[in-house]
Amino acid sequence: MSQDTASFQDFKLNKQLFNAIDDLGYQKPSEIQVKAIPRILNGHDVIGIAQTGTGKTAAFVLPLLMKLKYAQGHDPRALIIAPTRELVMQVYENILELGKYTDLRTVCLYGGIGPKKQAQEVAEGCDIIVATPGRLLDIYSAGVLQPKQIKTFILDEADRMMDMGFMPQIRRVLELLPMKKQNLFFSATFPEKVEKYAYEFTDFPEKVEVTPETMTAELIEQSLYHVPNFLTKINLLKYLFENEDFSRVLIFVRTRKNANNVYSFIERKISEEVRVIHANKAQSTRINAINEFKSGNVRVLVSTDVTARGIDVEEVSHVINFEVPNKYEDYVHRIGRTGRAEHHGIAISFVDPSDVYHINKIEELIQKKIKVIDLPKEIELMDTLPSEKKDMEQEIDRQKHLENPDFQGAFHEKKKKNLSGKARDKAFGNKPKDKRRKK
Ligand code: AMP
């Protein structure tokens, strides 16, 4: 069945689900849905390779709801594990939307708030649990969760789980579940280490895939500017705000510190319609920020990669990589926030000298050259701050060292030159002069 000819009717879902799909206005199933839904309904274990924005959540939620049908018994029958609170909530919202005409009971478990209310919800009985691994294990330890009825286990964003070091916890979760169950394993990317886990966690799985290349090539216009430093990036941002139609912009940075920096520059120099989210922000602040962004109250959201997971916002007009990610799959995740579900999107990257290496690697990953745009002449070029310069030099040295382990590094050389003779000998393991002379 090709995606063009497929319709939701082909899946033989029940009326409650068709009505919910209708209400949401989904016209036809997305590629991952066409590939995954029939296999999941047939009871196969499935490995799904699809990034956020492809409709992958509904690809597992729809068949799950179809199989569970209605509220039944006390103990949960399905478990979905996701890496972050935001993603847990996004999956939960999808279940509520698609399951609105069913009486299925779903409970969300995630950290950042006290466990009491969540434990109570589990104790009251439910059909589906959506959880981050740590909180799930906490609730299990509290003795309120009986996992023996769980017949469907879904791992969402498995590659992210691995990056965040969750795999030992997931193994512990799996030990609690019945051996005989359906396992669904979803991941945005499929490097070797993820593949290893995928086959460990599933039995004779069917692998379905929508390639990020298709997605990025078809829907998202990608470009980059070479920009010398942070302050010039701010000037460029200001210029773009004044000259482009930025209706809803997600700005990505690498660190919490820079998230705060970029946010305050934007607020002071560009627009007050901006919010920031990162892992140090209280959860309620993060949720409020996302909701304001979703509702259109604020048009700019600054985020790190971790917190951006699971922000399910329609029609993000622009994604700006204020800093290029050094985990290359994150580039695909980031730009997948625009061009979602058949909307066209624009992704712009600001590349400083220490990012050139990373952008080359990203181009290898997406198998595409990103269009370079010259910095407009109106942009005032700022001096690089000494601390930033040092960081860039160190980073470039690190990259050269990665490519050639014998490389000592310009930064290293410079440091060597500035040290006094004795200190230099000590720092670099040289023999003291007098000993050398004796030889
Ligand atoms: P996801 O990849 O699960 O993050 O989904 C991305 C967005 O696509 C969400 O806002 C979904 O509501 C939406 N979506 C999912 N399936 C479809 C579909 N078949 N047609 C249109 N939109 C969809």
Side-chain angles (χ1 to χ4, degrees), residues 51-52 159-160 162-164 188-194 211-213 215-217 220-234 236-237 240 249-259 261-262 278-279 302-309 318-339 345-375 384-385 387-405 407 409-412:
Q51 54 177 148
T52 333
D159 49 351
R160 195 63 177 189
M162 289 181 64
D163 287 347
M164 293 168 83
T189 55
F190 204 56
E192 222 172 280
K193 54 181 184 170
V194 175
T211 52
E213 288 92 328
M215 164 90 192
T216 56
I220 302 163
E221 192 186 314
Q222 299 167 66
S223 59
L224 66 85
Y225 292 90
H226 287 286
V227 196
N229 51 41
F230 182 91
L231 292 173
T232 314
K233 285 183 180 182
I234 294 285
L236 174 60
L237 199 59
L240 292 174
V249 193
L250 248 177
I251 300 181
F252 282 98
V253 291
R254 281 200 289 260
T255 62
R256 297 168 202 181
K257 187 168 148 243
N258 277 355
N261 276 345
V262 172
H278 54 66
V302 181
S303 176
T304 56
D305 289 293
V306 170
T307 39
R309 290 257 138 188
H318 293 71
V319 163
I320 297 198
N321 296 311
F322 192 90
E323 294 173 310
V324 172
N326 48 16
K327 278 202 205 99
Y328 306 127
E329 298 94 43
D330 281 341
Y331 178 84
V332 180
H333 287 302
R334 287 180 179 191
I335 71 167
R337 322 309 309 200
T338 179
I346 296 175
I348 304 170
S349 300
F350 294 179
V351 179
D352 75 25
S354 67
D355 288 330
V356 172
Y357 174 88
H358 299 305
I359 209 79
N360 288 337
K361 296 276 178 194
I362 287 166
E363 289 180 333
E364 277 172 32
L365 176 77
I366 61 171
Q367 296 175 11
K368 191 173 186 266
K369 273 273 169 214
I370 302 170
K371 185 173 79 183
V372 180
I373 305 182
D374 289 339
L375 213 53
T384 309
L385 298 171
S387 62
E388 189 186 11
K389 189 156 182 260
K390 188 175 140 207
D391 288 347
M392 280 189 204
E393 282 175 351
Q394 264 176 332
E395 172 57 20
I396 291 171
D397 271 6
R398 192 186 69 83
Q399 295 160 0
K400 288 188 178 154
H401 190 73
L402 280 178
E403 294 298 304
N404 170 14
F407 177 78
F411 182 75
H412 189 87

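What's counted below: heavy atoms across the whole structure, side chains too, no hydrogens, waters or symmetry copies. Numbers here simply count residues along the sequence, with the first being 1.
Residue Q222 forms a side-chain contact (heavy atoms from CB on, under 4.5 Å) with just one option from K369, E363, K368, and that option is K368.
Considering every non-hydrogen atom in both D352 and P228, the closest pair reads CB-O, 4.0 Å. Considering all non-hydrogen atoms of both residues, A259 and T304 come closest at CB-CG2, 4.3 Å. Summarising the geometry of Y331 relative to S349, their closest heavy-atom pair is CE1-OG, 3.6 Å, with the distance given to 0.1 Å. P325 approaches H358 most closely through the heavy-atom pair O-CB, 4.1 Å. Heavy atoms only, all atoms of each residue included: V351 and V356 are closest at CG1-N, 3.8 Å. The two atoms that bring V253 and R334 nearest to each other are O-NH2, 3.6 Å, heavy atoms only.
When side chains are defined from C-beta on, L237 counts as touching I251, because their heavy atoms get closer than 4.5 Å. Put simply, the side chain of V324 reaches to within 4.5 Å of the side chain of I362, judged on heavy atoms.
Side-chain contact, E403 with Y357: a donor N or O sits under 3.5 Å from an acceptor N or O.
For D391 and R398, the salt-bridge test fails: no basic side-chain N is under 4.0 Å from an acidic carboxylate O. Under a 4.0 Å N-O distance rule, the pair D159/K327 does not qualify as a salt bridge.
Between the CD1 atom of I373 and the CG atom of L224 there is a distance of 8.0 Å, given to the nearest 0.5 Å. Taking CG of N360 as the reference point, atom OH of Y328 lies at 9.0 Å (rounded to 0.5 Å). Separating the CD1 atom in I348 from the CD1 atom in I370 is a distance of 12.0 Å, to the nearest 0.5 Å. One distance of note links CG of N326 with CD1 of I359; it measures 11.5 Å at 0.5 Å rounding. Rounding to the nearest 0.5 angstrom, the gap separating the CG atom in N321 from the CG atom in D355 is 9.5 Å. In this structure, the separation between CD1 on I320 and OH on Y225 is 9.0 Å, given to the nearest 0.5 Å.
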*Start with the C-alpha distance between N258 and E323, add both sets of side-chain angles, then the distance that settles side-chain contact (heavy atoms from CB on, under 4.5 Å), and finish with yes or no.*
CA-CA 9 Å; N258 277 355; E323 294 173 310; 2.5 Å; yes
_Does R160 form a side-chain contact (heavy atoms from CB on, under 4.5 Å) with D305? I'd like the steps, not just the answer._
CA-CA 10 Å; R160 195 63 177 189; D305 289 293; 3.6 Å; yes
*For side-chain contact (heavy atoms from CB on, under 4.5 Å), just list the numbers for N229 and M392, CA-CA rounded to whole Å, side-chain angles, deciding distance to a tenth of an Å, and then say yes or no.*
CA-CA 9 Å; N229 51 41; M392 280 189 204; 4.2 Å; yes
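Taking the six-membered ring where the residue is Trp, F322 and F230 present perpendicular rings, their angle passing 60° and hence far from 30°.
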